[in-house]
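Here is the structure we will look at.
What you see is a predicted model; the values in this text were computed from it and never measured. Both ligands and their constituent atoms are indexed starting at 1 by order of listing.
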Amino acid sequence: MVRPYPYFVSLEEAIDLCQKTSIDAGSEIISISQSINRIVSSDIKAKVNDPGFDNSAMDGFAVIHSDTTSPPTKLSIVGSSMAGSIERHTLSSGQAIRIMTGAPIPQGADSIIPIEDCTVEGDKVTLNKPSKPHFIRKLGENFAKNQTIFSIGETMSPEKIALCAAAGISKIPVFKKFKIAIISTGDELKSLDDILEHGQIYESNSYGLAALVTIYGHEATRFPSVIDDLDTLRDTLNKASKNHDCIITSGGVSMGDKDFVRILMEQEGEIKFWRVKMRPGSPPIFGLWNGKPIFGLPGNPVSSHVAFRAIVGKWLTSLTNSKDVNNKFVYAILDEDIKTQAGFTTFRRVQLSVEGDTIFAQLKGHQGSGNIAGIAMSDGLTVIEPNEMGKKGDVCKVILL
Ligand code: AMP
Ligand code: MG
């Protein structure tokens with residue numbers, strides 16, 4: 001059968017095809033306190049130097065190094081510099097100033113001796129070792145005023161939020177969150193409030209997919225799951241497309257008679273590709289519904305999760321010039337042969353262990369694409385490329401979960 005769209009494409013082709021479709025939500029300025037996982041939309045420059053003044057890295061005494069090179073050295077204590085003190089101290093040869101971590105270095109001092117290396121008697125201190133110049137944290141050594149500390153596309157992490165605050169920045173320019181509708185399909189799906197009858201299951205994919213959307217920095221709306229019915233599905237997609245930037249469905253994209261997402265897209269949507277050479281997760285369909293991008297992900301729980309990370313996440317990060325921070329990876333040695341298929345990218349659930357300086361990957365749990373427990377308990381997903389065999393002893397990229 002000749003199809004009017006690319007069919008059963010490689011994962012690389014699927015990612016490329018998605019990138020031809022773009023959406024833009026614009027940007028906004030938000031408070032630093034609200035910025036976790038948000039994506040910076042323009043470069044940000046530091047408002048201050050860090051440190052803003054030379055200061056001590058230790059509790060001890062500020063001294064002149066040349067006074068201290070032949071210990072023991074007895075010096076006169078002529079003052080105290082505390083963290084937060086705005087008083088400006090000065091010292092000269094033969095003198096020491098008591099100093100706390102973070103306190104400004106007195107003028108004239110060029111080194112610090114930690115309190116542990118001193119004996120204090122009244123207003124005299126005996127230095128039992130030479131002092132250390134490197135215990136001084138120098139003005140601007142971490143970053144300088146006006147230095148670019150963030151570039152467009154960076155995702156705010158706890159560490160970056162703290163850096164922003166240190167740089168005096170309280171408002172952050174970020175890309176607006178894409179509004180993403182999550183719609184599960186299937187007659188068997190019941191909500192968590194329901195009591196299950198024989199043949200029914202809890203609808204679980206939408207929760208995992210919504211959480212993925214959140215960690216990618218966007219906003220998910222979970223719709224109640226939709227029964228396997230063409231008209232109900234059409235109505236729900238129409239509704240979702242009105243006030244969302246993008247739609248993600250799960251289920252109903254395979255070859256079955258009741259796979260209505262695929263059937264509806266074939267009849268009334270615009271398909272950009274259907275099916276991808278990946279294991280698990282080969283059924284995805286991508287296209288437009290009412291002009292809005294729509295990802296039809298598979299219903300099998302592991303497949304939908306993997307397809308999001310492998311395809312949707314890559315697309316979302318490309319739209320905001322970002323690094324795929326949610327797909328951090330390591331290279332590991334395979335501890336056993338992994339079942340692969342020529343031409344397919346293989347994502348198996350593995351446990352990682354470290355021996356010496358080597359990381360090993362071992363299959364974790366039953367690898368069925370319906371087994372959400374298997375992926376939830378794994379450390380990572382193998383990324384075995386289409387030309388790789390996945391043999392014991394091979395080096396393999398593993399995405400950390
Ligand atoms: P489908 O892709 O619709 O053929 O569904 C494949 C498998 O995934 C079936 O066993 C479904 O019951 C299951 N499934 C589909 N959607 C969900 C969902 N939202 N949550 C949990 N399991 C699902
Ligand atoms: Mg189904």
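- A ring-centre distance under 6.0 Å is found for Phe223 and His244.
- Panel note: side chain Asn371, backbone Gly374; a donor-acceptor pair is recorded below 3.5 Å.
- The closest protein non-hydrogen atom to atom 4 (O) of ligand 1 is Asp259 OD1, 3.9 Å.
- When non-hydrogen atoms are compared, ligand 1 lies under 4.0 Å from neither the backbone nor the side chain of Val253.
- Taking the ring centroids of Phe8 and Phe344, they lie under the 6.0 Å cut-off.
- In terms of protein heavy-atom proximity, atom 22 (N) of ligand 1 is nearest to Ile201 CD1, 3.4 Å.
- To the nearest 0.5 Å, atom CG of residue Leu264 and atom CG of residue Asp229 are 10.5 Å apart.
- Heavy-atom separations between Ser250 and ligand 1 include at least one value shorter than 4.0 Å.
- Within the 4.5 Å cutoff, the side chain of Phe308 has heavy atoms near those of the Leu209 side chain.
- Put simply, the side chain of Arg349 never gets that close to the backbone of Ala373: no donor and acceptor are under 3.5 Å apart.
- At the shortest separation from atom 12 (O) of ligand 1 among protein heavy atoms lies Glu188 OE2, 2.5 Å.
- The distance between the ring centers of Phe295 and Trp315 falls below 6.0 angstrom.
- Closest to atom 19 (N) of ligand 1 among all protein heavy atoms lies Glu203 OE2, 2.9 Å.
- Panel note: side chain Glu203, backbone Asn205; a donor-acceptor pair is recorded below 3.5 Å.
- Proximity of Gly256 to ligand 1 is not established, as no heavy-atom distance is less than 4.0 Å.
- For atom 23 (C) of ligand 1, the closest non-hydrogen atom on the protein side is Gly299 O, 3.4 Å.
- In terms of protein heavy-atom proximity, atom 7 (C) of ligand 1 is closest to Asn300 OD1, 3.4 Å.
- Annotation: ring-ring contact (aromatic ring centres under 6.0 Å, His included) contacts involving residues 128-187, sequence neighbours excluded, comprise Phe178-His218.
- At least one heavy atom of Gly252 sits closer than 4.0 Å to an atom of ligand 1.
- If you look at Ser184 next to ligand 1, the close heavy atoms, those under 4.0 Å, all belong to the side chain.
- The shortest contact between atom 17 (C) of ligand 1 and any protein heavy atom is with Asn205 ND2, 3.3 Å.
- Here the protein heavy atom with the shortest distance to atom 21 (C) of ligand 1 is Ser204 OG, 3.3 Å.
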